[in-house]
Colleague: 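Pasting in a structure now, in structure tokens, and then I'll have a few things to ask.
Chain A is the first sequence line, chain B the second, and so forth, proteins listed ahead of strands; every chain is numbered from 1. For the numbers below, each heavy atom of this structure counts, side chains included, while hydrogens, waters and symmetry mates do not.
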Amino acid sequence: MKSQEVRKQFLEFFKSKNHSIVASAPMVLKDDPTLMFTNAGMVPFKEYFLGNATPKNSRLTDTQKCLRVSGKHNDLEEVGKDTYHHTMFEMLGNWSFGDYFKEEAIAWAWEFLTEVVKVDKDSIYVSIFEGDESEGLERDQEAYDIWTKHIDESRIINGNKKDNFWEMGAQGPCGPCSEIHVDIRSAEEKAAVDGKSLVNMDHPLVIEIWNLVFMQYNRLANGSLTKLPSQHVDTGMGFERLCMVLQGVQSNYDTDVFTPLMREVETITSSKCGETEETDIAVRVIADHVRAVSFSIADGQLPSNTGAGYVIRRILRRAIRYGFTFLDTKEPFIYKLVSTLVNQMGDAFPELEAQKNLITNVIREEEASFLRTLDKGLILLDNVIANTSGDTVSGDKAFELYDTYGFPIDLTALILSEKNLKLDEAGFEAALKEQKDRSRAATKVETDDWNILQEDSEEEFIGYDTLEASVKITRYRKTESKKDGELYQLVFNLTPFYPEGGGQVGDKGYLETPSGEVVYIIDTKKENNLIIHLAKNLPRSTEGTFKAVVDVKQRSRTAANHTATHLLHQGLRKILGTHVEQKGSMVHSRNLRFDFSHFSKVTSEELKEVEDFVNARIRENLSLEEQRGISYDQAIQEGAIALFGEKYGDAVRTIRFGKSMELCGGTHVKNTGDIWHFKITSEGAVASGIRRIEAITSDAAKDYFTSETEAYNQVKATLKGNQDPVKAITSLLDENAALKKQVEALIKEKAQNLSGDLAKEFEDIDGVDFLAKKVDLDAGAIKDLAFKLGENKDNVFLLFGTEQNGKALLSCYISKELVASKNLNAGTVVRELGKHIQGGGGGQPFFATAGGKNPAGIDAAIVEVKNYLV
RNA sequence: GGGGGAUUAGCUCAGUUGGCUAGAGCGUUUGACUGGCAGUCAAAAGGCCACCAGUUCGAAUCUGGUAUUCUCCA
């Protein structure tokens, strides 16, 4: 069965059991501080399990793209070495939110596996939770009893808390789970060793394919468990593993999920799997990583040097490195795999198809850049080797290459071993650990437990309609970090504060108690759909009602910028073309930033057109038309623009100004006229194929024009009212350059003349042309003069003294030939004469200077210098 | 968010413990050789050594800050 068919069968099966099929959520997360990527099927539904929101249907099914690069069983560095670990994988899931429980979950899982896709019943084992005394938890007898209706008792295994009790995190919903394992070994192997004994033993052919989690408890902050008011089912089946079982192969990489990519890698690199272990690993690594990276870029997460983007960069670089080392690829090639991937998965994930060009370009650019880094690193490593005595390269040096220049440590190790050198690995690890500890210490945040004042299921956001409200604090907690110090996080029953999201900054403002006490809200954020207000301190009493007031000025400026962002988006699509897609935005009160896909520089004419377009919409005084709570499908049908990589709920909000219509949760002006004016302040590239525009509106635009005009007027005034300042300045610059040259020439000439005059003053002492004199020149001129006098002569000894700003300066020049023949040294001369001017100095043997604070001593020095020659 | 680098001619980069009036290759311009091109040879132009402070007799070089950029960690 083809993988595409497997996916379809699964979703259709659960649809027939009254589940709604939902699209995969983005792989990259935006409002969860504890997680960067969706690493399990349940992540997009966290808010439902936490009770912060309710799904439209209590039964859902989906295939979720997931990314795992760390964790106890999945280290990035291990992927590719075996046949069943991946960075990116799909998780098929069926979900019950307070609906069906163990009975149906188990029955349907069994039905799907054995009747729909027809997995051999005799290869299946299931496990149930055996109980745990320390937690006071009993064996999951209920699951056991249900399973016995489907499968022989001998195939049911007890599992411990580690394997069979699932928890979302340190706190929150949790419960026992039941795993389904499949043994796909050959008949001989099965006869030799009982499959039951290999379950959960990391055997590559006796594997867990499906985990059914029964959420029935809630883990409290103090570690104790309470029963959940309603019970949920969360299941996750590894899509690639299921394909392996159904396609009768023994490696995920031998399924049609991976084979097209792997064949393409072989073709492009002229390599062949099965020849060496290293080639096999490299091909698997590349096939796996190109998927992870492509899907991330499609979700709007580009490779970068911080945060989630850095994780993506690391994955891609690992693939490049394997190609570089084991497949001998010295040119970008991974980008060529994108079209294979799109052909294969574009149907199930339309975002891939839509973003194909961008993905290809970004990967190619990233490859080229890393190959340059490798080239530089190779040169640096050669230097390190050349400067290493003995046969061991120090860990510090290797770490410097890695940390500062991005040269991979395994490549260093490989090259050293080829040259019969050793690497001090312990030293490297120690340096790495030090760096990690430093980073951790710098970002450590201590979070206390929530203090619940009031149970309140959902916090209502009323900030679209009002900026002031009477609110109650429902819970609060304290956090402490090195950066911000102590902060309090407050949650209200309802709030007018807009939380950071959709590129828009969170609101600021204050809380006021009836007695007049004021607590400032310095920022508002969203965490798992919960709106959190940050304050430096708590009110004296957290009980009672507060007047919550949003900072109007910041909000209205931000709203103007946000609406302008929509108009800019519209203008760019109109003027540059509909290939323009939003790739990120940052809306502050001060300015706005808009990143979008476009493959060449935006010309200044185009920028002006865009600016004019936006300003025309502003002058049209378009009113805000807002729709709340309409369905996603309907919004799209009406022409609203949705963003890739954004997670949308079932009910969405649309914002329309004239012909601009977007799905958006942000705050906007009532009328485009409120923006006053729109002005682009910069345009540039942020990555291959991504441009960034920064712009300002309203007050900021006015201030901008005021100050620019003022500066311009000053320029004009300085130019005495010249009508064409640009021309005037250009000619001034030209003139200035010409004058500089003239002055230079004159100074040379002057030095020439002066040296001519001074040459007449030379005193012949024992065949040496000697001159000691006080002159009125600066240090540079004296140097010039001395070299000029010494030119074409080999017997010159000069000492010049000068007084500059109350300080004394002595300069001594001695022809190189004299230095050698008479064993003289200008450095020694000035150092010794320096005592007369209460200073010191030095230089080279043939030219040296000394400075001091006693100008009166210059004459004495000039007299004494003769002693060096007689 | 926390570290570590880098920034020198149009481009790619050297520049040792602070000290020769800052160099190379490529490119540009000019000239010579050649019937023309390619090429070879010769010469020239091209630098606020990122910016701002500081230390020093003296800073491309050392210190602090700013900007840009690369890189590692979180």
Colleague: Could you tell me whether A:Tyr402 contacts a base, only the sugar-phosphate backbone, or nothing, with contacts defined as non-hydrogen atoms closer than 4.0 Å?
Modeller: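 Sugar-phosphate contact only - A:Tyr402 comes under 4.0 Å of backbone atoms but never of a base.
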Colleague: Which nucleotide, if any, forms a Watson-Crick or G-U wobble pair with B:rA67, using both distances under 3.5 Å?
Modeller: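 WC or wobble partner is B:rU7.
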Colleague: Go nucleotide by nucleotide along RNA chain B from the 5' end; which of A:Arg440 and A:Ala850 gets its closest nucleotide reached first?
Modeller: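 Result of the comparison: A:Ala850.
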Colleague: When the distance from CD of A:Gln844 to C1' of B:rC57 is rounded to whole Å, what number comes out?
Modeller: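 It is 12 Å, rounded to the nearest whole Å.
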Colleague: Rounding to an integer number of Å, can you tell me how far A:Leu316 CG sits from B:rU71 P?
Modeller: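 These atoms are roughly 12 Å apart.
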Colleague: Could A:Glu527 and A:Arg477 be called an ion pair, given the rule that one side-chain N must be under 4.0 Å from one carboxylate O?
Modeller: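 Salt bridge: yes.
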Colleague: Inspect the contact between A:Arg321 and A:Asp410 and indicate whether a charged nitrogen and a carboxylate oxygen are less than 4.0 angstrom apart.
Modeller: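 The answer is yes: the pair qualifies as a salt bridge.
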Colleague: What about A:Thr849, does its side chain sit under 3.5 Å from the base of B:rG19 through a donor-acceptor pair?
Modeller: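 Checked by distance alone, the answer is yes.
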Colleague: Pair A:Phe407, A:Tyr402 - check ring-ring contact (aromatic ring centres under 6.0 Å, His included), show working.
Modeller: CA-CA 5 Å; A:Phe407 194 70; A:Tyr402 167 76; 9.8 Å; no
Colleague: What's the closest nucleotide to the side chain of A:Ser439 if the choices are B:rU71, B:rC20, B:rG2?
Modeller: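 For A:Ser439, the side-chain atoms sit closest to B:rG2.
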Colleague: For A:Asp375 and B:rC13, give me the distance from atom CG to atom P, rounded to whole Å.
Modeller: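 One finds 11 Å between P of B:rC13 and CG of A:Asp375, rounded.
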Colleague: Is B:rG1 paired to anything, Watson-Crick or G-U wobble with both distances less than 3.5 Å, and if yes, which nucleotide?
Modeller: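 By the stated definition (distances under 3.5 Å), B:rC73 pairs with B:rG1.
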Colleague: So for A:Asp403 and B:rG3, does any side-chain atom that can act as donor or acceptor lie under 3.5 Å from a complementary atom in the base?
Modeller: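 For A:Asp403, whose side chain was compared with the base of B:rG3, there is a donor-acceptor pair (under 3.5 Å).
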Colleague: Taking the same atom, P, in B:rA50 and in B:rU16, what whole-Å distance lies between them?
Modeller: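 B:rA50 and B:rU16 have their P atoms separated by 14 Å.
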Colleague: Across all strands shown, which nucleotide pairs with B:rA43 by Watson-Crick or G-U wobble geometry, both distances under 3.5 Å?
Modeller: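 Paired with B:rA43, as far as the under-3.5 Å criterion goes, is B:rU29.
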Colleague: If I pick the C1' atom on B:rA43 and the same atom on B:rC37, what distance separates them, to the nearest angstrom?
Modeller: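 B:rC37 and B:rA43 have their C1' atoms separated by 23 Å.
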Colleague: Whole angstrom is fine here: how far is it from CD1 in A:Ile837 over to C1' in B:rG58?
Modeller: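 Computing the A:Ile837:CD1 to B:rG58:C1' distance gives 13 Å.
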Colleague: Using a heavy-atom cut-off of under 4.0 Å over every strand shown, decide if A:Gly852 touches base, sugar-phosphate, or nothing.
Modeller: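 If one applies the 4.0 Å heavy-atom cut-off, A:Gly852 turns out to touch nothing in the nucleic acid.
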Colleague: Considering only atom P, compute the distance from B:rU30 to B:rA14 and round it to an integer number of Å.
Modeller: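 It works out to 32 Å between them.
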Colleague: According to a strict under-4.0 Å criterion, is A:Arg372 in side-chain N/O contact with OP1 or OP2 of B:rU69?
Modeller: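 So the side chain of A:Arg372 is outside the cut-off, no N or O lying under 4.0 Å from OP1 or OP2 of B:rU69.
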Colleague: In whole angstrom, what separates A:Asn854's CG from B:rC57's C1'?
Modeller: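 Atom CG in A:Asn854 sits about 15 Å away from atom C1' in B:rC57.
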Colleague: Return the value, rounded to whole Å, for the distance between atom NZ of A:Lys397 and atom C1' of B:rG4.
Modeller: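 In whole Å, B:rG4 C1' and A:Lys397 NZ are 13 Å from each other.
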Colleague: Any strand counts, and the cut-off is 3.5 Å on both contacts for Watson-Crick or G-U wobble. Which nucleotide pairs with B:rG36?
Modeller: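 B:rG36 is unpaired by these criteria.
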Colleague: Should the pair A:Lys376 and A:Tyr405 be classed as cation-pi, given the thresholds of under 6.0 Å to the six-membered ring centre and 45° from the axis?
Modeller: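 Not flagged: A:Lys376 not positioned over aromatic ring of A:Tyr405.
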Colleague: Between A:Gly839 and A:Arg831, who's closer to the 5' end of RNA chain B by nearest nucleotide?
Modeller: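 The answer here is A:Arg831.
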Colleague: So A:Gly841, base contact, sugar-phosphate only, or nothing? Heavy-atom distance under 4.0 Å.
Modeller: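 Touches a base.
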Colleague: Taking only side-chain N and O atoms of A:Arg317, does any of them lie within less than 4.0 angstrom of OP1 or OP2 on B:rU71?
Modeller: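 Yes, because at least one side-chain N or O of A:Arg317 sits under 4.0 Å from OP1 or OP2 of B:rU71.
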Colleague: How long is the gap from CG on A:Leu423 to CD1 on A:Ile409, to the nearest 0.5 Å?
Modeller: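 Taking CG in A:Leu423 and CD1 in A:Ile409, the distance rounds to 5.0 Å.
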Colleague: Using whole Å, what does the distance between atom P of nucleotide B:rC57 and atom CD of A:Glu803 come to?
Modeller: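 Interatomic distance, CD of A:Glu803 to P of B:rC57: 16 Å.
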Colleague: Between A:Lys397 and A:Glu400, is the closest basic N to carboxylate O distance under 4.0 Å?
Modeller: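 A salt bridge is present here (some side-chain N lies under 4.0 Å from a carboxylate O).
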Colleague: Could you identify the nucleotide paired to B:rG54, looking across every strand shown and requiring Watson-Crick or G-U wobble geometry with both distances under 3.5 Å?
Modeller: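 The answer is B:rC62, by the H-bond criterion.
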Colleague: With the side chain of A:Lys376 defined as its heavy atoms from C-beta on, choose the nearest nucleotide among B:rU71, B:rC13, B:rU21.
Modeller: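 Minimum distance to the A:Lys376 side chain belongs to B:rC13.
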Colleague: Given that both distances must come in under 3.5 Å, which nucleotide forms a Watson-Crick or G-U wobble pair with B:rA22?
Modeller: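 No nucleotide pairs with B:rA22.
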Colleague: Would you mind telling me which of B:rC20, B:rA74, B:rC72 lies closest to the side-chain atoms of A:Arg314?
Modeller: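 Ranking B:rC20, B:rA74, B:rC72 by closest atom to the A:Arg314 side chain puts B:rA74 first.
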Colleague: Using a cut-off of 4.0 Å on non-hydrogen atoms, how would the nucleic acid contact of A:Lys433 be classed: base, sugar-phosphate, or nothing?
Modeller: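 Nothing, no nucleic acid heavy atom in range.
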Colleague: Any base atoms under 4.0 Å from A:Gly842, or only sugar-phosphate, or nothing? Heavy atoms, all strands.
Modeller: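 It contacts base atoms.
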Colleague: Would you measure the distance from the C1' atom in B:rU21 across to the matching atom in B:rU40 and give it in whole Å?
Modeller: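 Between the two C1' atoms, the distance is 33 Å.
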Colleague: Using the C1' atoms only, state how far B:rC48 lies from B:rA59, rounded to an integer number of Å.
Modeller: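 Going atom to atom, C1' in each nucleotide, I get 14 Å.
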Colleague: On the nucleotide B:rG1, are OP1 or OP2 found under 4.0 Å from the side-chain N or O atoms that A:Arg438 carries?
Modeller: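 No.
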Colleague: Write down the distance between NZ (A:Lys783) and P (B:rA22), rounded to a whole number of angstrom.
Modeller: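 These atoms are roughly 8 Å apart.
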Colleague: Please evaluate the base of B:rG2 for a donor-acceptor partner in the side chain of A:Gln435 within a cut-off of under 3.5 Å?
Modeller: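 Yes.
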Colleague: When you compare B:rC20 with B:rU61, how far apart are their P atoms, in angstrom units rounded to a whole number?
Modeller: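 That atom pair is separated by 13 Å.
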Colleague: Pick the P atom in B:rU17 and in B:rC33, then give their distance to the nearest Å.
Modeller: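 Comparing P positions in B:rU17 and B:rC33 gives a spacing of 49 Å.
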Colleague: Using atom C1' of each nucleotide, how far apart are B:rU68 and B:rA74 to the nearest Å?
Modeller: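 Taking atom C1' in both B:rU68 and B:rA74, they lie 24 Å apart.
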Colleague: Answer yes or no: is there a donor N or O on one side and an acceptor on the other, between the side chain of A:Asn854 and the main chain of A:Ala856, under 3.5 Å?
Modeller: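 Present.
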Colleague: Determine the interplanar angle of the A:Phe770 and A:Phe797 rings, folded into 0 to 90°, and report it as parallel if under 30°, tilted if 30 to 60°, perpendicular if over 60°.
Modeller: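 Tilted: the ring planes of A:Phe770 and A:Phe797 meet at 30° to 60°.
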Colleague: Using a 4.0 Å heavy-atom cut-off, does A:Thr306 contact any base of the nucleic acid, only the sugar-phosphate backbone, or nothing at all?
Modeller: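 Since a base atom lies under 4.0 Å of A:Thr306, the category is base.
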Colleague: What is the base-pairing partner of B:rU16, counting Watson-Crick and G-U wobble geometry with both distances under 3.5 Å?
Modeller: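 Per the H-bond distance test, none.
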